[in-house]
Amino acid sequence: MSFKFQNVDFLHLDSSFSEDELLVRRTARDFVDDNLLPIIEDCFREGRFPRELVPLMGELGFYGANLQGYGCAGMSNVEYGLVMQELERGDSGLRSFVSVQSALVMYPIYTFGSEDQKSTWLPVLASGEKLGCFGLTEPGFGSNPGGMTTTARRSGDEYILNGEKMWITTGTIADVAIVWAKVADESDPSKSIVRGFLVETDRAGFSAHEVHGKWSLRASVTSGLALQDVYIPVSNLLPGTSGLKSPLMCLNQARYGISWGAIGAAMSCYDTALQYAKLRKQFHDQPIASHQLIQEKLVWMVSEISKAQLLSLHVGRLKDAGTAGHEHISLAKRNNVWMALETARMARDILGANGITDDYPVMRHMMNLESVKTYEGTHDIHALILGQHITGIAAY
Ligand code: TGC
Ligand code: FAD
């Protein structure tokens with residue numbers, strides 16, 4: 001049994017959204033209710049990415065939604081956040097797919113690409129005709145991507161790429177991979193710099209394999225990539241990339257979206273727990289919602305969701321004003337994902353035995369959020385980023 005979602009707006013924040021923002025949210029909410037929720041439990045059980053939804057999300061303008069031109073919807077950052085919230089209310093896996101396509105593939109092409117790269121790739125990525133992935137993490141370098149061993153060696157008019165990437169969302173079904181690699185400094189080969197490359201996935205020497213056995217994000221494709229003497233023309237270098245700062249700029253975009261997405265997952269869990277607690281009766285034929293301990297949990301959830309909503313909305317407004325720092329985004333990602341995971345755990349508890357089944361979305365959200373806590377900078381890495389910001393001392 002699942003419940004029809006009731007909006008979670010304890011603080012009447014809907015009054016702070018513009019009509020356009022509410023319209024965008026309505027569109028994304030209806031999309032999720034009509035298209036994702038009816039199939040998501042089966043997808044999760046089968047470990048299947050719902051690829052059939054890709055074109056419709058393109059028509060709705062979800063990919064690269066906050067970019068301007070090239071077939072993108074040109075939404076504000078708050079509107080983009082609301083799309084992420086609604087998608088993750090459905091499932092973190094679908095939000096993750098859209099995050100990667102938008103923030104980690106289209107954003108770097110838009111920000112660091114040549115005009116030719118932008119006009120070739122952005123329209124087909126915006127429509128969903130082509131899919132992209134982002135290869136930063138390696139088997140030996142997760143939290144510390146600066147240690148990467150993937151290299152790009154210049155040879156005449158080409159670069160030759162070698163290396164391995166791991167945990168890459170959408171990898172096996174992508175048409176293009178944004179690959180981050182170290183390029184030797186031509187004047188001093190002992191020095192190298194991280195740069196980004198567009199690698200079409202049908203190039204000789206490129207291969208991708210699916211990661212199996214996940215208990216989390218089962219409706220999302222997660223892959224390993226191998227690059228063995230992959231030749232690409234120099235025109236595939238993203239010319240604006242220069243150092244680790246470039247991929248980290250992409251992560252800011254994705255982390256911002258995740259801060260909203262986590263609210264969506266938490267809203268789904270809280271709403272389910274609230275409706276369940278009002279129906280489920282134990283002791284003296286009373287609903288469990290009448291017990292103080294249950295009420296305390298529900299109050300914790302709605303308090304934390306409300307604070308998270310304020311946080312993401314504020315960071316979104318800063319981002320729209322061009323004044324959001326990466327530390328603000330770290331704060332929002334870290335807080336909101338933690339909040340969502342705690343909310344999912346409490347909601348699971350309130351549902352009792354029913355909470356462990358896929359009759360309800362709660363345990364699926366909980367398992368997904370374990371990945372969301374780890375990717376895009378772990379909870380603890382964001383603590384260290386914030387610690388460095390406030391003390392001036394890096395503790396990595
Ligand atoms: P560090 O020396 O501190 O920084 C290198 C340069 O980058 C600058 N910088 C940033 N710039 C923009 N945005 C940020 N967030 C930035 N953070 C740092 C920094 O000022 C410096 O600039 P410059 O001009 O001096 O060169 O670099 P470090 O090697 O010490 O590492 C810092 C650390 C730990 C914060 C960073 O490496 C990190 O964030 N690690 C976490 C890795 C991570 O998040 N990986 C995500 C992979 S993608 C993914 O997970 C997709 S999941 C699917 C989905 O999104 O749904
Ligand atoms: P590690 O870095 O090995 O960390 C393990 C533990 O050690 C963590 O608890 C961490 O907080 C802690 N730790 C590490 N360093 C320190 C320190 N200095 N001080 C204190 N504690 C520390 N990457 C991509 O590039 N593209 C993708 O599309 C992508 N998609 C992903 C999808 C999924 C489902 C998952 C799970 C991951 C994905 N990732 C992707 C990779 C993700 O970004 C990494 O998993 C993440 O950055 C953490 O790296 P790690 O798993 O190697 O953990």
Side-chain angles (χ1 to χ4, degrees), residues 47 49 84 87-88 91-105 107-108 111 131-148 150 163-174 177-181 193-194 196 208 210-225 241-262 324-331 333-334 337 367-389 392-396:
F49 169 62
M84 295 293 142
L87 291 177
E88 196 149 356
D91 190 76
S92 306
L94 201 69
R95 196 273 307 139
S96 208
F97 165 76
V98 177
S99 279
V100 169
Q101 180 91 348
S102 304
L104 299 182
V105 177
Y107 171 85
T111 307
L131 307 185
C133 68
F134 177 89
L136 179 66
T137 305
E138 298 187 356
F141 299 94
S143 297
N144 177 24
M148 71 175 68
T150 298
E164 231 182 301
K165 298 289 175 181
M166 190 53 188
W167 302 109
I168 307 306
T169 302
T170 318
T172 49
I173 56 170
I178 304 286
V179 174
W180 298 94
I193 183 167
V194 171
E210 195 157 339
V211 174
H212 293 290
K214 290 181 297 171
W215 289 117
S216 177
L217 286 184
R218 291 182 52 75
S220 165
V221 172
T222 311
S223 320
L225 310 181
T241 55
S242 172
L244 192 60
K245 193 180 177 73
S246 303
L248 292 176
M249 285 169 65
C250 305
L251 300 187
N252 295 337
Q253 311 308 311
R255 291 166 176 175
Y256 165 73
I258 288 171
S259 84
W260 282 94
H326 69 77
E327 64 280 6
H328 301 135
I329 292 169
S330 279
L331 183 75
K333 192 272 182 185
R334 180 173 186 270
V337 175
M367 291 191 286
N368 282 340
L369 287 162
E370 291 289 348
S371 284
V372 183
K373 185 182 178 207
T374 286
Y375 68 35
E376 286 291 353
T378 68
H379 184 77
D380 288 344
I381 288 296
H382 284 293
L384 300 182
I385 291 171
L386 290 163
Q388 179 178 12
H389 183 78
I393 306 165
Y396 309 111

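Here, residue 1 is the first one in the sequence, and each next residue gets the next number. Counting starts at 1 for both ligands and their atoms, following the listed order.
- Of the listed residues (I381, T170, L104, V221), the one carrying the non-hydrogen atom nearest atom 22 (C) of ligand 2 is I381.
- The closest heavy-atom contact to atom 50 (P) of ligand 2, among the options P139, G142, S216, G93, comes from G142.
- For ligand 2, the atoms lying closer than 4.0 Å to a non-hydrogen atom of E376 are 43 (O).
- When only modelled atom types and interatomic distance are considered, S96 and Y375 share a side-chain donor-acceptor pair under 3.5 Å.
- Among T169, L225, V105, the residue whose heavy atom lies closest to atom 32 (C) of ligand 2 is T169.
- Here the closest heavy-atom approach between residue F134 and residue V100 is recorded as N-CG1, 4.3 Å.
- Within the 4.0 Å heavy-atom criterion, the part of R255 lying near ligand 1 is the side chain and not the backbone.
- For atom 51 (O) of ligand 2, the choice among T374, T222, I178 with the nearest heavy atom turns out to be T374.
- Residue contacts with ligand 1 for T378 are absent, since no atom lies close enough (heavy atoms, distance under 4.0 Å).
- Using a 3.5 Å distance cut-off with no hydrogens or angles, the side chains of T150 and E138 do pair a donor with an acceptor.
- With hydrogens left out, the protein atom closest to atom 27 (O) of ligand 1 is L244 CD2, 3.7 Å, a heavy atom.
- Ligand 2 has a nitrogen or oxygen under 3.5 angstrom from a nitrogen or oxygen of W167.
- Residue, atom and distance of the protein heavy atom nearest to atom 15 (N) of ligand 1 are N252 OD1, 2.8 Å.
- Among the atoms of L136, some N or O lies under 3.5 angstrom from an N or O of ligand 2.
- When the heavy-atom distances from atom 34 (C) of ligand 1 to Y396, Y375, W180, F134 are ranked, the shortest goes to Y396.
- Any N or O atom pair closer than 3.5 Å counts here, and T378 shares at least one such pair with ligand 2.
- Listed by atom number, the atoms of ligand 2 under 4.0 Å from T137 heavy atoms are 23 (N), 24 (C), 25 (O), 40 (C), 41 (C), 42 (C), 43 (O).
- Residue S143 has at least one N or O atom closer than 3.5 Å to an N or O atom of ligand 2.
- With a heavy-atom cut-off of 4.0 Å, V372 does not touch ligand 1 at all.
- Proximity to Y396 (heavy-atom distance under 4.0 Å) selects the following atoms of ligand 2: 18 (N).
- Distances between N or O atoms of F134 and those of ligand 2 include at least one value under 3.5 Å.
- For atom 50 (O) of ligand 1, the protein comes within 4.0 Å by at least one heavy atom.
- Each of the following atoms of ligand 2 lies closer than 4.0 Å to a heavy atom of I168: 24 (C), 25 (O), 26 (N), 27 (C), 28 (O).
- The protein heavy-atom contact nearest to atom 55 (O) of ligand 1 is E376 OE2, 2.9 Å.
- Contact annotation: for H326 versus ligand 1, heavy atoms closer than 4.0 Å belong to the side chain alone.
- When distances from atom 23 (P) of ligand 1 to the protein are checked, no heavy atom turns up under 4.0 Å.
- R255 pairs in a side chain to side chain contact (heavy atoms under 4.5 Å, CB included) with only one of the listed residues (R334, H326, E376), which is E376.
- Rounded to the nearest 0.5 angstrom, L136 CG and L251 CG are separated by 6.0 Å.
- The shell of residues lying under 4.0 angstrom from ligand 2, judged by heavy atoms, includes L384.
- Contacts of W167 with ligand 1, taken as heavy-atom pairs under 4.0 Å, are absent altogether.
- At a heavy-atom distance under 4.0 Å, no atom of Q388 approaches ligand 1.
- At under 3.5 Å, a nitrogen or oxygen of S96, whether backbone or side chain, sits near a nitrogen or oxygen of ligand 1.
- When hydrogens are left out, the protein atom nearest atom 34 (C) of ligand 2 is L217 CD1, 3.4 Å; that is the closest non-hydrogen contact.
- No part of L384 comes within 4.0 Å of ligand 1, judged by heavy-atom distances.
- Here I329 has no heavy atoms under 4.0 Å from ligand 1, in either its backbone or its side chain.
- Closest protein heavy atom to atom 36 (C) of ligand 1: L248 CD2, 3.8 Å.
- For the residue pair R95 / S99, a side-chain donor-acceptor distance below 3.5 Å is found, with atom types taken as modelled.
- Atom 35 (C) of ligand 2 has its closest protein heavy atom at Y375 CD2, 3.8 Å.
- Contact annotation: S143 has at least one heavy atom less than 4.0 Å from an atom of ligand 1.
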